[in-house]
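What follows is one structure encoded as structure tokens, with my remarks underneath.
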Amino acid sequence: MPELKDFAGSVAIVVSSCDAFFDAWRPFVFFFRKYWPDCPFRSHLIVNRLKVRSDVVVPINVGPDRDWAANMAVALEQIPHSHVLYLQEDYFLTGPVKTEQLAADIEYAFEKDAASFCLYGRSRLEDNFEPLNDRFGVVPRDSDGRTRLQVTLWKKSVLQSALRPGENAWDMEARASERTRDLLALSYRRQDNVPIPYLMSAISRRLWTREAIELCRKASVTIEPRIRSELPEVAWRRRFRRGIDRVRLSLALAKQNGTPVDVDSFTN
């Protein structure tokens, strides 16, 4: 049976982020280390200009924030591995990683030369989805859900070729399926048996979800700095809170002023 450490020379973790979401870095690292303490993969965090202090993640500074695709392209150029395991800063792990299952999944992806392997259950199974076992299967060629940006193992060269400058993550999901039509895309069928359980997502519309706040409260993790409001149900309140949060973010970034963000520090 393969072990995850067998793939450490080929797989790196890339955590998509930018300085505007640096308030999520500490809780992300907390839950990552809590539920995957023996992760053998080098883990990279995409940042713009902020400095980061951590024993868990290695920052990749991509310079001024342009767009999601441009930031990702710069980051991938700095990762020498052939494959990347894609995460985002607001994907908070919620349970232990099933390392044996994940190792078997990675081995299968390597053997079949899969372009991507989404390790998150599909919202719906297409009629022509091809099950390979009770966990995962082949995403149909004509599916518009070939490039979902949940936790996914990507062949780095494929991800690079699918990127388009100017696109954000939502654009990528909406448009990039056409760019991978002729490549093998694998995906988990359901969410109840995935190897990496996580909250997707802790942040919605730039505001904290109630689930994320409750998760942090139960774990005694302080969200610091607290620059982001909780997501309300009413649209005008969301707009109002985002306006206030933009001011808070500007003040928080100015206050940081070259001081490294210690993302391994979890509570006050």
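Side chains included, hydrogens not; waters and symmetry mates left out as well; all remaining heavy atoms used.
- Criterion: ILVMFWY side-chain heavy atoms under 4.5 Å apart, direct or through other members. Under it, Trp68 and Val15 are not part of a common hydrophobic cluster.
- Between Phe110 and His83, the distance from one ring center to the other falls under 6.0 angstrom.
- Taking all atoms of both residues into account, the shortest heavy-atom contact from Val263 to Trp25 is CG1-CB, 3.6 Å.
- Nearest heavy-atom pair, Asp67 versus Ala70, reported as atom, atom and distance to 0.1 Å: OD1-N, 2.7 Å.
- Both Leu159 and Leu183 are part of a single hydrophobic cluster, where members link through side-chain heavy atoms under 4.5 Å apart.
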Test Ile60 against Val74 for side chain to side chain contact (heavy atoms under 4.5 Å, CB included), laying out the working first. CA-CA 9 Å; Ile60 295 182; Val74 173; 5.7 Å; no
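- Val194 and Gly121 make their closest contact through CG1-N, 3.9 Å (heavy atoms, listed as atom of the first residue, atom of the second, distance).
- Rounding to the nearest 0.5 Å gives a distance of 12.0 Å between OG1 of Thr94 and CE of Met200.
- Shown are Arg217, Arg241, Arg205, Arg210; of these, the salt bridge (charged side-chain N to carboxylate O under 4.0 Å, His left out) with Glu230 is made only by Arg210.
- Note: Ile227 CD1 to Leu251 CG = 10.0 Å, rounded to the nearest 0.5 Å.
- In this structure the side chain of Ile203 never reaches within 4.5 angstrom of the side chain of Thr209, judged on heavy atoms.
- Residues Cys118 and Gln150 have side chains in contact (heavy-atom distance under 4.5 Å, counting atoms from C-beta outward).
- From Leu199, atom CG reaches atom CD of Glu214 across 11.5 Å, with rounding to the nearest 0.5 Å.
- No side-chain heavy atom of Val11 sits less than 4.5 Å from a side-chain heavy atom of Val84.
- In this structure, the side chains of Phe22 and Glu89 stay at 4.5 Å or more apart for every pair of heavy atoms.
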Before you tell me yes or no, could you show the steps for Trp170 and Leu149 under side chain to side chain contact (heavy atoms under 4.5 Å, CB included), namely the whole-Å CA-CA distance, both residues' side-chain angles and the distance that decides it to 0.1 Å? CA-CA 9 Å; Trp170 295 273; Leu149 291 174; over 6 Å; no
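- Between Leu119 and Asp105, the closest side-chain pair of non-hydrogen atoms falls below 4.5 Å.
- Under the salt bridge (charged side-chain N to carboxylate O under 4.0 Å, His left out) criterion, the residue pairs touching residues 162-172 are Glu167-Arg175, Glu167-Arg179, Asp171-Arg175, with sequence neighbours excluded.
- Between the CG atom of Leu186 and the CZ atom of Phe117 there is a distance of 5.5 Å, given to the nearest 0.5 Å.
- A donor-acceptor pair under 3.5 Å is absent between the side-chain atoms of Ser220 and the main chain of Cys216, judged by distance alone.
- With no hydrogens or angles considered, a side-chain donor-acceptor pair links Tyr188 and Arg135 at under 3.5 Å.
- A salt bridge does not link Arg237 with Glu233: none of the charged nitrogens is closer than 4.0 Å to a carboxylate oxygen.
- Looking only at side-chain heavy atoms (C-beta outward), Phe32 and Pro37 stay at 4.5 Å or farther from each other.
- Side chains of Thr180 and Thr147 form a contact here, defined as non-hydrogen atoms less than 4.5 Å apart.
- Formation of a donor-acceptor pair under 3.5 Å by the Glu224 side chain with backbone atoms of Arg26 is not found in this model.
- A salt bridge links Asp245 with Arg248; the closest basic N to acidic carboxylate O contact falls under 4.0 Å.
- Not a single donor-acceptor pair under 3.5 Å links the side chain of Glu126 to the backbone N or O of Phe129.
- Using a distance-only test at 3.5 Å, with no hydrogens or angles considered, a donor-acceptor pair links the side chain of Ser161 to the main chain of Val158.
- Within the structure, the ring pair (Phe, Tyr, Trp, His ring centres under 6.0 Å) test picks out the following pairs touching residues 195-229 (sequence neighbours left out): Tyr91-Tyr198, Tyr120-Tyr198.
- Aromatic rings of Phe136 and Tyr108 (six-membered ring for Trp) have centroids within the 6.0 Å cut-off, being under it.
- Screening residues 90-104 for salt bridge (charged side-chain N to carboxylate O under 4.0 Å, His left out) gives no qualifying pairs among residues at least two apart or on separate chains.
- Annotation for Tyr35 and Pro96: closest pair CD2-N, 3.4 Å, computed over non-hydrogen atoms.
- Scanning all heavy atoms of the two residues, the minimum distance from Asn71 to Pro64 falls at OD1-O, 4.1 Å.
- For Ser265 (side chain) and Asp262 (main-chain N/O), no donor-acceptor pair under 3.5 Å exists by modelled atom type.
- Between atom CD1 of residue Ile106 and atom CD of residue Glu111 there is a gap of 12.5 Å, rounded to the nearest 0.5 Å.
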Tell me, with the steps shown, if Ser16 and Gln88 meet side chain to side chain donor-acceptor pair (under 3.5 Å). CA-CA 5 Å; Ser16 176; Gln88 294 181 181; 5.2 Å; no
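- Both Phe92 and Leu85 are members of a single hydrophobic cluster when ILVMFWY side chains are connected at heavy-atom separations under 4.5 Å.
- Residues Val62 and Val58 do not share a hydrophobic cluster, clusters being chains of Ile/Leu/Val/Met/Phe/Trp/Tyr side chains in contact below 4.5 Å.
- At a threshold of 4.5 Å between non-hydrogen side-chain atoms, the residues Leu45 and Val29 do not count as touching.
- The 12-atom threshold is exceeded at CZ of Arg226, counting heavy atoms of other residues, nucleotides or ligands nearer than 6.0 Å.
- Residue pairs meeting the side-chain hydrogen bond (donor to acceptor under 3.5 Å, both in side chains) criterion with at least one partner in residues 36-59, sequence neighbours excluded, are Ser54-Asp264.
- Shortest non-hydrogen contact noted between Ala75 and Ile46 is CB-CD1, 3.6 Å.
- Listed for the Arg181 side chain is a donor-acceptor partner under 3.5 Å among the backbone atoms of Ser143.
- Each salt bridge (charged side-chain N to carboxylate O under 4.0 Å, His left out) pair with one or both residues in residues 137-156, not counting sequence neighbours, appears once here: Asp113-Lys155, Arg141-Asp182.
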Walk me through it: do Leu50 and Leu253 pass the test side chain to side chain contact (heavy atoms under 4.5 Å, CB included)? CA-CA 8 Å; Leu50 287 178; Leu253 289 172; 3.9 Å; yes
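- Residue pairs meeting the salt bridge (charged side-chain N to carboxylate O under 4.0 Å, His left out) criterion with at least one partner in residues 6-23, sequence neighbours excluded, are Asp23-Arg228.
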So Leu93 and Lys34, side chain to side chain contact (heavy atoms under 4.5 Å, CB included) or not? Walk me through it. CA-CA 8 Å; Leu93 300 194; Lys34 177 180 180 179; over 6 Å; no
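- Distance check, rounded to the nearest 0.5 Å: CG of Asp134 to CG of Asn193 gives 6.5 Å.
- Both Leu132 and Leu153 belong to a single network of hydrophobic side chains, linked directly or stepwise wherever heavy atoms of I, L, V, M, F, W or Y lie under 4.5 Å apart.
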